[in-house]
Number of protein chains: 2
Amino acid sequence: MTKISINKIAELAGVSKTTVSFVLNGRGDEKNISQKTQEKILAVARENNYKANYIARSLSLGKSFTIGFIVPDISNPFFGKIAKQIETVAEKKGYSVMVANTNEDVLKETNIIESFKARQIDGIILASASKNYNQLTSIIGKDYPSVFFDRFLPNMNKPFIGINNFETAQQLTELLIQKGHKKIALVSITSYLPNIVNRINGYKDALTTSEIGVNEDLIFEIEPTDIKNGIKQVISNMVEGENPTTAILFLNNVLTAEAIWTVNTLYPEYKDQLDFASFDNLDLFDYSTPRVISALQPSEDIANLAVNMLCDQIDNNNQHEGIQLDTSIITR
Amino acid sequence: MTKISINKIAELAGVSKTTVSFVLNGRGDEKNISQKTQEKILAVARENNYKANYIARSLSLGKSFTIGFIVPDISNPFFGKIAKQIETVAEKKGYSVMVANTNEDVLKETNIIESFKARQIDGIILASASKNYNQLTSIIGKDYPSVFFDRFLPNMNKPFIGINNFETAQQLTELLIQKGHKKIALVSITSYLPNIVNRINGYKDALTTSEIGVNEDLIFEIEPTDIKNGIKQVISNMVEGENPTTAILFLNNVLTAEAIWTVNTLYPEYKDQLDFASFDNLDLFDYSTPRVISALQPSEDIANLAVNMLCDQIDNNNQHEGIQLDTSIITR
DNA sequence: TCCATTTACTAAACCGGTTTAATAAAACAA
DNA sequence: TTGTTTTATTAAACCGGTTTAGTAAATGGA
């Protein structure tokens, strides 16, 4: 039961491996291989259940037909949904998908990218944990096909698929205002990334436009490496004052989910007094208290665009512009 | 900016590629390469930012250092959590992870497995959509390293990582009985797979042990390809009778989540009269009505075991026995 | 001093494909 | 009949690594 190779097929069919390669790649007619020879080769290949070795093929062609998908956490449903769609679309195009989790760790991200490049993966789609594109670009390389999403980085010269952060934050904040809230906090992970800045600006804009105004003390930033404790502190801080915060805008779903858990577990008495708004939707928001207004990102569109843009870079060296998609606000 | 290969490094360092290969693989001392030469080679490699081509390496070694993870739907949090842990563990062992979704489609599963084998992926971890191992084994091949989880197949001669289906179903059913329910239905996807059969038997056993007894009309089976309509029918059937069902045991989280949605959307008046129990946990169960008692599978353990068992097959041709893990029941 | 061993290094084969450039034989045109 | 084109096929190089089997020079021992 030794593996059967193209050489073996050539030997069994009594022709050269060149001829076998041509025929099995459907180039038999083009290369003037006689019908008789073609049939013979196909028959021998079928009989022996020949399957081409993609590693050898990749080495020869300089192309692995693999794309990498790198995210902080594939078990986050937001990334999971995109992963699923990416795999579905990629598979149709003949690509397989390699996934990896960075856990928001820039060093791990670096190692993954280097590993993926060493594996000759044709291109990557990533939601980067990095704060700075210049660091990244030296790893990724100027010419390595890549598409970014979710996390925008300054000075990025690669396509980025994002959402209308400013407008979405504005809308979410306005909806909280309309519910009658006067003290609306904002909770973010890192505040210096452009899309986070835009979200914060949208929040501020909505508050400024209303008569409420911005209170910088209500803007909290949490370390992505210790979200649990961060949220606990922020929530206790908010509810325990004498003039408690009544609404919070969270800049991603992990923060919101953790806050829901914290309120239900530690401060159940405040459950019904609080209103939440959140970037990224989660199924549990349909049923949780505090009620959550959420901004659903169009994950299928993001995935489709990402794969198409990436393949266009890989196949045609054709780099698209980034694109900004609209969220759908889900009120509850 | 041409890619730099081991040949180039050899040329620049003025030695043979053999020597370079030895040194860069840390076998310099073992192979009696002089310190001077070793340093020279390492310096040249560093200066030129040399990264070995893993495709070439794989071809030569006959090993791709890649494992495949094949599931019905990677965006299902149950699979997502396992995927994350698998990637984390695999990465530590030097393996990358290729993922694919079958969408419960046996044909797609077949194609994926063949594609993964053609790509020389060293082994696969899968939750199969197939109903029959004999069909699968002709695709997978007797000797191809593989570990199954979640979906047990009859006649399987590969390790399977499962849970104590019978006891878990028994416990979930007993908890519903303890809540005072007399009419407890069961909703399943396909009923002929052994682990499903075990779950059904556990359910029946609990009912038989109590004075309630089994009513076969309360056991429903839903097509995995049209869960939405299936659940809608089952729920309407249950609540609209004159003696309505008051509790339901669901055999996976997709069914439960869909049922929660259906009840909340179409039959909100029954929300508080119903009690659910479910295999697989979901975050939303913490907040949803009807309240759900769920059986949490130890996803980290499953992932760790799966990777370790697979690597032991790959590296040592050492096939483990399957294993049965315990679930944790979460009452709410 | 001579033979055996160790040190330091390399040529070449191999993994399994793709592709270029070449060739012999057949068909065709003049 | 001869030169040209077309048909049918292939040898060999290549992709970039690993590894086996070797060699020449230096060292060591008697």
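Numbers restart at 1 for each chain; the letters A, B, ... are given by sequence-line order, proteins then strands. Computed from a prediction, not measured in an experiment: that's the story for all the values here.
Looking at residues two or more places apart in sequence or on another chain, you find a salt bridge (Lys or Arg N to Asp or Glu O under 4.0 Å) between B:Lys63 and B:Asp315.
Scanning residues 23-50 of chain B for heavy-atom distances under 4.0 Å to DNA chain D yields B:Asn25, B:Arg27, B:Tyr50.
Without hydrogens or angle criteria, B:Ser146 side chain to B:Tyr144 main chain gives a donor-acceptor distance under 3.5 Å. No donor-acceptor pair closer than 3.5 Å links the side chain of B:Gln313 to the backbone N or O of B:Asp143. In this structure, A:Arg119 contributes its side chain and B:Phe65 its backbone to a donor-acceptor pair below 3.5 Å.
Here the range on DNA chain C touched by chain A, meaning any atom under 4.0 Å from one of its heavy atoms, is C:dG16 to C:dT20.
Classification of A:Lys8 and A:Glu47 as a salt-bridged pair fails, no side-chain N sitting under 4.0 Å from a carboxylate O. The existence of a salt bridge linking A:Lys131 and A:Glu104 is excluded, since no basic side-chain nitrogen approaches an acidic carboxylate oxygen closer than 4.0 Å. Salt-bridge annotation for A:Lys117 and A:Glu114: absent, with no side-chain N of the basic residue lying under 4.0 Å from a carboxylate O of the acidic one.
Considering only the side chain of A:Thr18, D:dA11 comes nearest among D:dT19, D:dA11, D:dT9.
How far OG of A:Ser75 is from CZ of B:Phe78: 13.0 Å, rounded to the nearest 0.5 Å. Atom OG of residue A:Ser299 and atom CD1 of residue A:Ile86 lie 10.0 Å apart, to the nearest 0.5 angstrom.
Annotation: of the two residues near DNA chain C, A:Arg57 and B:Ser16, the 5′-most nearest-nucleotide partner is B:Ser16.
At a threshold of 4.5 Å between non-hydrogen side-chain atoms, the residues A:Glu300 and A:Lys81 do not count as touching.
Using a 4.0 Å heavy-atom criterion, one finds that A:Phe22 contacts the bases of the nucleic acid, with or without backbone contacts as well. Residue A:Ser21 is classed as a base contact, given a heavy-atom separation below 4.0 Å to a base. Nucleic acid contact for B:Leu61: sugar-phosphate only, since backbone atoms but no base atoms lie under 4.0 Å from a heavy atom of the residue. Note on B:Ser5: only backbone sugar-phosphate atoms sit closer than 4.0 angstrom, heavy atoms only; bases stay farther off.
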Can you name the atoms? Protein N/O to nucleotides 24-29 of chain D N/O, anything below 3.5 Å, with the distance.
none

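Crowding of B:Glu30 atom CD: a count of heavy atoms from other residues, nucleotides or ligands under 6.0 Å exceeding 12.
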Return all side-chain donor-acceptor pairs below 3.5 angstrom for residues 38-45 of chain B, not counting sequence neighbours, or 'none' if the list is empty.
from, atom 1, to, atom 2, distance (Å)
B:Gln38, NE2, B:Asp29, OD1, 2.9
B:Gln38, NE2, B:Ile33, O, 2.9

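Annotation: cation-pi pair A:Lys158/A:Phe148 absent, no NZ/CZ under 6.0 Å from the ring centroid and within 45° of its normal.
Taking five base pairs at each end of the helix from C:dT1-D:dA30 to C:dA30-D:dT1 and finding the rotation axis that steps the C1' atoms of four pairs onto the next four gives two axes whose angle is 60°, to the nearest 10°.
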